[in-house]
Amino acid sequence: MTTAADKKNREWLITGPSLIWLLLFFVIPTLIVFAIAFKPSTPFGGIGAGWTLTTLFDLSNPNYPAIIWRTVWISLVSTIICLLLAVPCGYCIARARRRSRNILLMLVIVPFWTNFLIRIFAWKVLLHPEGLLKQALVFLHLCSPDATLLYNSAAVLLVIIYTYLPFAILPIYAAAEKFDYSLIEASRDLGATRFRSFTHVFLPGISRGVWTAALMVFIPALGAYVIPDIVGGPAGEMIGNKIAQRTFVDRNLPHASALAALLTLAVMIPLMITLVRNRLPETDHRKKGKRIVE
Amino acid sequence: MSDFLVFEGVSKRYGETQAVDSVTFSINRGEIFSLLGPSGCGKTTLLRCCAGFEDPDSGRIILDGKDITGLPPHRRKVNTVFQNYALFPHLSIRENIAFGPRTAGWTRGETDKEVSRMLELIQMEEYADRKVTEISGGQKQRIAIARALINRPQVLLLDEPLAALDLKLRQRMLVELDSIHDEVGITFVYVTHDQGEAMGISDRIAAMNLGHIEQIGTPAEIYEAPRSSFVAAFIGDTNFFDGTVTEVMDGSYCRLRIDGFPDVLAWNDKGLQVNNAVHLSLRPEKFNISREQPDALPNRNVVQGTVEDIIYLGSHTKYWVRVEDYRLGIHHQHSRYLLDTRPITWNEKVWISWFADDSYMMERYKPEDENLLVLPDMEVEEEVLPV
Ligand SMILES: Nc1ncnc2c1ncn2[C@@H]1O[C@H](COP(=O)(O)OP(=O)(O)O)[C@@H](O)[C@H]1O
Ligand SMILES: [Mg+2]
């Protein structure tokens, strides 16, 4: 017989190494970044002695609200569009026959075989005024010859969606694959149309997958730096670009840290909401589970 | 009254498999009608055609005078209790039951009232706010029934509703299902491969095999007067004999010659003539087994044999008795206090007798389908030889 305490000890033993890893390479660096935000900067790009709140006041830079707003809306919109595309994709892959399912999954994963930077540069080539996509759209009279596809928020949005769509499809596919489709029949049997079965049975059934997918897009999008840097231009700048500028151009590490801390907090909040949402039913279940009778 | 739900030449094919083969029958309003047959005989397919999940390749399904063949599932006044229950895991028990009414747009008050009534019917009021994952199999079963019944369907379809439960619970749920049926008076179509369940709950049974219906009748008709050897073997244990008529007597009896068995007298309800071939079924409980030779009676068959195997089952004992080339299965009911008697034991010479009226003539099943005859009891018990 193992007691509850034994079991608890063993749990600690098993999770211990990964906890230490997380602590050393994730929690402590993050705390250091938070700490640097309260340090003064030196003119040579170093970190001064003592503590100060001036950096935090510097965050009231009049440029920031616009950039933060752009960061948030690009992230939100790209998350929503990714979900709208990923749910039907995940569903179709999960419902496909085994052979075609493997092929479809391959197609989702294939882009990862090409370097991320190369793929973004490829988009730059496509969207370029002389690029293939632009030329094609002009040829089809879908856009005027002097419209710009590159160096704006829309380009950033497009490439973020392109980049993170596979990350949204995979968790939704995983959930849709585990979903019990006899529930759809049950709901149809109880009088629901196809659409109502989809919204009232399928979506709640894969909600965990959808939440995971949302995080997989939203969080990297908030911190996006390379994509707006390459296809965004000044009009498509996001907060990630500002952090990079403060670090490499202004050599003001405390300022960069303060921005990074802000971003970290912004990421933590949706993460926490999801964690709480996903945990609630489980704890509920454990509490009541003891009372099962029959 | 009759012909409430009619299947007219319904066929369904999956690739090479003819799952349902031009089936025609009708179900009366308010009855419990069972589709009984071995696994893969097309019961579920027939039920799914009725619920609207499958489109029959040909044929029509008529419910209360209306052709429902092409209607989508949500437009049929038919509800299903699924084998795995298919309860919605993201909803509480109350919300599961309220799913149909909410979809149909009932008012809140009416929905709440009906849900409470249903919870009362299945005696699960105190569990109403539990999650589906927090209840036992038997309770899930009841929720599935309530969730279907609340929509006041014209027909309730039940696909092996008790298959996932253990034996004890299965018997209790069967009684409960019967009382729910008495209460709501809705027509039940009950699919099962378990002859005990079907016999226990049904008003009528359709015995199915290989996508078609072998026989429709009350449980007693199906058991006592099986139309074919398939039905006789699938529903209960039986002994088969192949013989030829050698003499037709007045009073509707005939004498049969059977290879490897003494001549027997049988009731000639089929009006057979001399030299006609006969396939005869004799249920194990129709035999009388005794140490003493029974009195000769004009319509009584008496043969002698040797006891080979015995299984004592409390209320009755199963004997396997060798009579020439045949091994007869015999059930002997203990109507007297057993310990005061000297029970028959192994290798004893015994007298077997039965009345000519108690055997039943039937169609012999096509030889190529013979391997589909399922004789579950016989097979299992021969392995469990008493020590
Ligand atoms: N979706 C399907 N695809 C292919 N074959 C099927 C399908 N559903 C059922 N079958 C076949 O049809 C036959 C009848 O199946 P079913 O109606 O489920 O039988 P039962 O419910 O009596 O066990 C079986 O041989 C089965 O393999
Ligand atoms: Mg079945």
Side-chain angles (χ1 to χ4, degrees), chain A residues 87 91 94-95 97-99 171-172 174-214 274 276-294, chain B residues 47-48 50-54 72-92 95-106 124 126-127 129-142 144 147-148 150-151 153 156-157 159 165-166 169 172:
Chain A
V87 169
Y91 173 83
R95 294 298 270 167
R97 286 163 202 278
R98 185 165 295 276
R99 259 179 64 90
I172 287 176
E177 206 247 349
K178 281 202 237 68
F179 182 78
D180 175 6
Y181 288 90
S182 68
L183 296 178
I184 299 281
E185 283 190 349
S187 110
R188 301 270 288 140
D189 190 69
L190 293 167
T193 56
R194 273 172 204 280
F195 182 72
R196 194 178 161 89
S197 303
F198 179 81
T199 55
H200 282 67
V201 177
F202 183 66
L203 281 185
I206 61 160
S207 64
R208 272 175 197 230
V210 173
W211 275 100
T212 310
T274 310
V276 168
R277 264 192 70 100
N278 281 350
R279 279 211 42 170
L280 265 183
E282 205 179 332
T283 37
D284 234 2
H285 170 68
R286 277 196 200 141
K287 205 167 64 224
K288 288 187 192 160
K290 293 199 189 81
R291 283 195 284 133
I292 294 181
V293 193
E294 173 85 23
Chain B
L47 213 61
R48 290 172 61 82
C50 186
F53 300 129
E54 303 285 356
H74 67 278
R75 303 252 316 272
R76 302 184 183 205
K77 287 219 54 82
V78 167
N79 285 113
T80 309
V81 175
F82 294 87
Q83 181 172 345
N84 62 354
Y85 317 130
L87 299 180
F88 303 122
H90 62 289
L91 299 179
S92 72
E95 291 164 333
N96 260 282
I97 299 178
F99 189 92
R102 282 192 188 153
T103 304
W106 295 13
M124 289 205 44
E126 68 259 53
Y127 300 94
D129 296 307
R130 291 262 180 104
K131 282 236 148 190
V132 168
T133 42
E134 296 166 359
I135 55 172
S136 69
Q139 291 171 331
K140 283 184 188 162
Q141 179 59 68
R142 298 211 285 259
R147 185 181 69 173
I150 196 168
N151 307 290
L156 184 71
L157 308 175
D159 191 0
L165 306 178
D166 61 57
L169 198 55
R172 218 179 75 199

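Just so we're on the same page: letters track the sequence lines, and every chain starts at 1.
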Passes side chain to side chain contact (heavy atoms under 4.5 Å, CB included), Asp180(A) versus Asn84(B)? Steps please.
CA-CA 10 Å; Asp180(A) 175 6; Asn84(B) 62 354; 3.9 Å; yes

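- Interface remark: Leu87(B) contributes backbone atoms only to the contact with chain A (heavy atom separation under 4.5 Å).
- Between chain B and the residues Gly205(A), Ala192(A), Ser197(A), the largest count of heavy-atom pairs under 4.5 Å involves Ala192(A).
- The side-chain heavy atoms of Leu91(B) and Pro204(A), taken from C-beta on, include no pair separated by under 4.5 Å.
- Interface remark: Arg188(A) contributes backbone and side-chain atoms alike to the contact with chain B (heavy atom separation under 4.5 Å).
- In this structure, CZ on Arg208(A) lies 13.5 Å from NE2 on His90(B), to the nearest 0.5 angstrom.
- Applying the side chain to side chain contact (heavy atoms under 4.5 Å, CB included) test to Ala186(A) and every residue at least two apart in sequence or in another chain returns Phe82(B), Ala86(B), Phe88(B), Arg147(B).
- Taking both residues in full, the closest heavy atoms of Leu190(A) and Ala148(B) are given as CD2-CA, 4.3 Å, listed atom of the first, atom of the second, then distance.
- Val81(B) does not touch chain A: none of its heavy atoms, backbone or side chain, sits under 4.5 Å away.
- A search for salt bridge (charged side-chain N to carboxylate O under 4.0 Å, His left out) contacts involving Glu95(B) returns nothing, not counting sequence neighbours.
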Any chance you could lay out the side chain to side chain contact (heavy atoms under 4.5 Å, CB included) test for Arg48(B) and Glu185(A), step after step, and finish with the verdict?
CA-CA 10 Å; Arg48(B) 290 172 61 82; Glu185(A) 283 190 349; 2.7 Å; yes

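- Nearest heavy-atom pair, Asn79(B) versus Asp189(A), reported as atom, atom and distance to 0.1 Å: ND2-O, 2.7 Å.
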